[in-house]
Every structure is written in structure tokens, then in C-alpha cells.
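What follows is a set of notes on a single structure, which appears directly below.
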Amino acid sequence: MIKMDPHVYSGRPADETGRLQKELRVYDLLDELGIAYERVDHEAAMTVEDCQGVDRLLGIEICKNLFLTNQQKTKFYLLLMPGQKRFVTKEFCRQIGSARLSFGKPELLEELLDLTPGSVSIMGLMNDRDGKVQLVIDREVYETPDFGCHPCINTTSLKMSSAEVWEKFLPAVGHEPILVDLKEEQEETK
């Protein structure tokens with residue numbers, strides 16, 4: 001388990017020394033939009049498993065964030081899904097009407113969303129000014145009252161109202177989500 005500050009803070013850090021500009025831009029936008037958020041600082045969390053202590057402290061489940069692309073690298077997707085749910089590519093592609101997808105390369109992730117592996121977050125959509133990345137949300141995540149994510153860096157985690165993310169943040173960054181219903185396990189076909 002990663003080490004973390006055991007305190008839950010409201011809003012942006014009082015001391016911004018050593019914070020990346022992309023993280024500070026997230027706080028600026030959330031504050032500008034009037035979205036209240038709680039924050040926990042911790043060591044770099046690279047996986048959903050790394051976030052389990054943070055989840056308990058914030059009282060949420062930080063979702064899995066997957067950056068996907070088609071083979072031609074002309075279509076890009078950011079998928080938000082429950083952290084413990086297994087990703088089944090075939091099922092996902094069927095629901096969004098896409099040919100086979102794979103994980104996007106780190107260079108594309110940084111170019112399009114100003115994010116690095118392990119820090120993939122819905123907050124990165126604020127950097128997608130050209131609207132090249134399609135947001136896709138599993139209905140289970142969409143219907144959860146509280147939403148958890150990283151502020152474009154995986155050494156901090158945020159908790160905020162899901163409704164405010166969907167109704168204030170997404171319109172502000174110009175992204176309309178596609179909702180999907182991903183199954184817990186791939187059903188066998190006979």
C-alpha cells in the first residue's frame with residue numbers, strides 16, 4: 001500500500017510549492033466552476049490497487065481510467081469504469097460501435113491530454129481543446145453520487161460530487177459522454 005497523508009483537505013493546497021502546473025490548472029478550473037472538492041496527498045499511485053487506502057480515507061472508489069485508440073490512431077477514447085470491473089475489449093467495442101481498440105501510447109496520452117501513465121484522469125479533458133478524445137463512462141460510475149479522480153497527477157486524489165462533474169465540468173471542457181453498460185464478466189456464447 002502506498003504512503004499517504006492521513007488528512008483529508010478541502011480545496012486546493014495552501015502551499016503550492018512543488019506542485020505541477022497541470023495540477024494547479026485543475027484546481028483553478030474547479031474553483032472557477034464552483035465545484036467543491038476534498039483532497040488527499042499520497043505517494044504515486046500507479047494502479048487501482050494502489051488507491052485502496054485513499055479510497056477508504058475519502059469514502060469513495062476511484063474509478064479505472066483507460067486511454068484507448070483505434071489501430072489507425074485516428075479515434076481516441078477515455079473510458080471511466082469501476083476499478084474492480086474487468087475490461088473486456090470486445091464488449092466495449094460492440095457497445096460503442098467501434099473496430100478493435102488498444103491502449104494508447106504514452107506519447108499520444110501526453111500530446112492529447114497532458115497526462116502520463118498512472119495519472120490518467122477525466123481532468124485531462126480540460127487539455128483536449130480540439131475535442132479529439134471521446135469520453136465514455138460506464139453507467140455504474142455515472143450513477144455513483146461521489147466521484148474520485150487524480151488532478152492530472154497521481155500523487156493526489158480528489159473527491160467531488162458526480163453531478164457537478166457531469167453538469168459543470170464536462171460542459172466547461174466541451175465533452176459529452178457516451179454511456180455504456182459493461183458487464184462484470186464476459187458472458188459465454190453458445
Side-chain angles (χ1 to χ4, degrees), residues 1-67 76-81 83 103-133 135 137 141 144 146-175 177:
M1 189 177 303
I2 60 170
K3 292 181 188 173
M4 63 183 157
D5 181 336
H7 299 94
V8 176
Y9 301 95
S10 290
R12 70 186 311 124
D15 180 7
E16 296 178 351
T17 306
R19 304 275 178 167
L20 297 177
Q21 284 302 308
K22 60 184 169 184
E23 178 184 0
L24 297 177
R25 287 194 314 268
V26 169
Y27 303 139
D28 290 343
L29 181 57
L30 293 176
D31 293 346
E32 178 185 318
L33 296 172
I35 298 175
Y37 54 96
E38 294 180 316
R39 176 180 53 80
V40 170
D41 296 321
H42 47 76
E43 287 182 326
M46 297 299 290
T47 66
V48 169
E49 289 75 27
D50 288 346
C51 292
Q52 289 178 349
V54 174
D55 287 1
R56 281 192 294 280
L57 193 57
L58 287 173
I60 57 170
E61 180 185 332
I62 292 179
C63 64
K64 190 180 295 184
N65 297 262
L66 304 177
F67 177 64
F76 306 96
Y77 302 89
L78 175 61
L79 170 62
L80 310 184
M81 63 184 289
F103 293 104
K105 300 261 187 245
E107 306 78 45
L108 282 170
L109 177 62
E110 192 157 6
E111 175 188 328
L112 296 171
L113 298 175
D114 194 19
L115 298 172
T116 54
S119 296
V120 181
S121 166
I122 193 173
M123 295 295 138
L125 293 174
M126 66 186 285
N127 302 312
D128 180 28
R129 289 173 179 68
D130 297 329
K132 292 182 179 178
V133 179
L135 176 63
I137 307 172
V141 170
T144 303
D146 294 311
F147 183 75
C149 66
H150 297 306
C152 295
I153 186 69
N154 63 354
T155 53
T156 297
S157 295
L158 305 176
K159 173 185 177 180
M160 59 200 93
S161 157
S162 294
E164 290 199 311
V165 175
W166 314 145
E167 296 164 15
K168 292 181 179 180
F169 175 77
L170 291 181
V173 298
H175 282 75

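Since this is a predicted model, take the numbers as computed values, not measurements. This chain uses plain numbering: 1 for the first residue, then up along the sequence. Excluded from the calculations below are hydrogen atoms, water molecules and symmetry mates; all remaining heavy atoms, backbone and side chain alike, are included.
- Residues Phe147 and Leu80 have side chains in contact (heavy-atom distance under 4.5 Å, counting atoms from C-beta outward).
- Side-chain contact check for Pro13 versus Arg39: some heavy-atom pair is nearer than 4.5 Å.
- Closest heavy-atom contact between Trp166 and Ile122: CZ3-CD1, 3.8 Å.
- Partner of Ile2 under the side-chain contact (heavy atoms from CB on, under 4.5 Å) criterion, out of Glu43, Glu49, Met46: Glu43 alone.
- Taking Arg19 as the reference, Glu23, Asp41 meet the salt bridge (Lys or Arg N to Asp or Glu O under 4.0 Å) condition, with sequence neighbours excluded.
- In this structure, the side chains of Tyr9 and Val40 stay at 4.5 Å or more apart for every pair of heavy atoms.
- A donor-acceptor contact under 3.5 angstrom links the side chains of Asp128 and His175, judged on distance only.
- Two residues are said to be in side-chain contact when any heavy atoms from C-beta on lie closer than 4.5 Å; Leu30 and Met160 meet this criterion.
- Of all non-hydrogen atoms in Asp50 and Ala44, the two that sit nearest each other are OD2-O, 4.4 Å.
- Not counting sequence neighbours, the partners of Lys168 by the salt bridge (Lys or Arg N to Asp or Glu O under 4.0 Å) test are Glu164.
- Annotation: side chain of Leu170 is in contact with side chain of Pro177 (closest heavy-atom distance under 4.5 Å).
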> Going through the checks in order, is the side chain to side chain contact (heavy atoms under 4.5 Å, CB included) test met by Tyr77 and Val133?
Replying inline: CA-CA 5 Å; Tyr77 302 89; Val133 179; 5.7 Å; no
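- Shown here for Leu66 and Lys64, the closest heavy-atom pair between the two residues is CD2-CG, 3.9 Å.
- Heavy atoms only, all atoms of each residue included: Arg25 and Asp114 are closest at NH2-OD2, 3.0 Å.
- Using a 4.5 Å heavy-atom cutoff, the side chains of Arg12 and Asp31 are in contact.
- Put simply, the side chain of Asp15 gets close to the backbone of Thr17: a donor and an acceptor are under 3.5 Å apart.
- Without hydrogens or angle criteria, Glu38 side chain to Leu58 main chain gives no donor-acceptor distance under 3.5 Å.
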> Can you check side chain to side chain donor-acceptor pair (under 3.5 Å) on His42 and Ser157, steps first, answer last?
Replying inline: CA-CA 8 Å; His42 47 76; Ser157 295; 2.8 Å; yes
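- The minimum heavy-atom distance between Val26 and Cys152, with the atom names listed, is CG2-SG, 3.6 Å.
- Considering SG of Cys149 and OH of Tyr37, their distance stands at 11.0 Å, rounded to 0.5 Å.
- Atoms CG and OG, on Asp146 and Ser162 in that order, are 6.0 Å from each other to the nearest 0.5 Å.
- We find the OG-CG distance between Ser119 and Leu109 to be 8.5 Å, quoted to the nearest 0.5 Å.
- Here the closest heavy-atom approach between residue Leu29 and residue Met126 is recorded as CD2-CB, 4.0 Å.
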>> The test is side chain to side chain contact (heavy atoms under 4.5 Å, CB included); show your working for Leu79 and Asn65 and say whether it passes.
In response: CA-CA 6 Å; Leu79 170 62; Asn65 297 262; over 6 Å; no
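- Atom OG1 of residue Thr116 and atom CD1 of residue Ile153 lie 5.5 Å apart, to the nearest 0.5 angstrom.
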>> Show, in sequence, the C-alpha distance, side-chain angles and deciding distance for Leu108 and Phe67, and conclude whether the side chain to side chain contact (heavy atoms under 4.5 Å, CB included) test is met.
In response: CA-CA 9 Å; Leu108 282 170; Phe67 177 64; 4.0 Å; yes
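- Counting heavy atoms from C-beta outward, Leu24 and Leu20 have side chains that stay 4.5 Å or more apart.
- Contact annotation: the side chain of Val120 never approaches that of Asn154 to less than 4.5 Å [non-hydrogen atoms, C-beta and beyond].
- The CG atom of Leu158 lies 6.5 Å from the CE atom of Met123; values are rounded to the nearest 0.5 Å.
- Considering CD of Glu107 and CG of Leu112, their distance stands at 11.5 Å, rounded to 0.5 Å.
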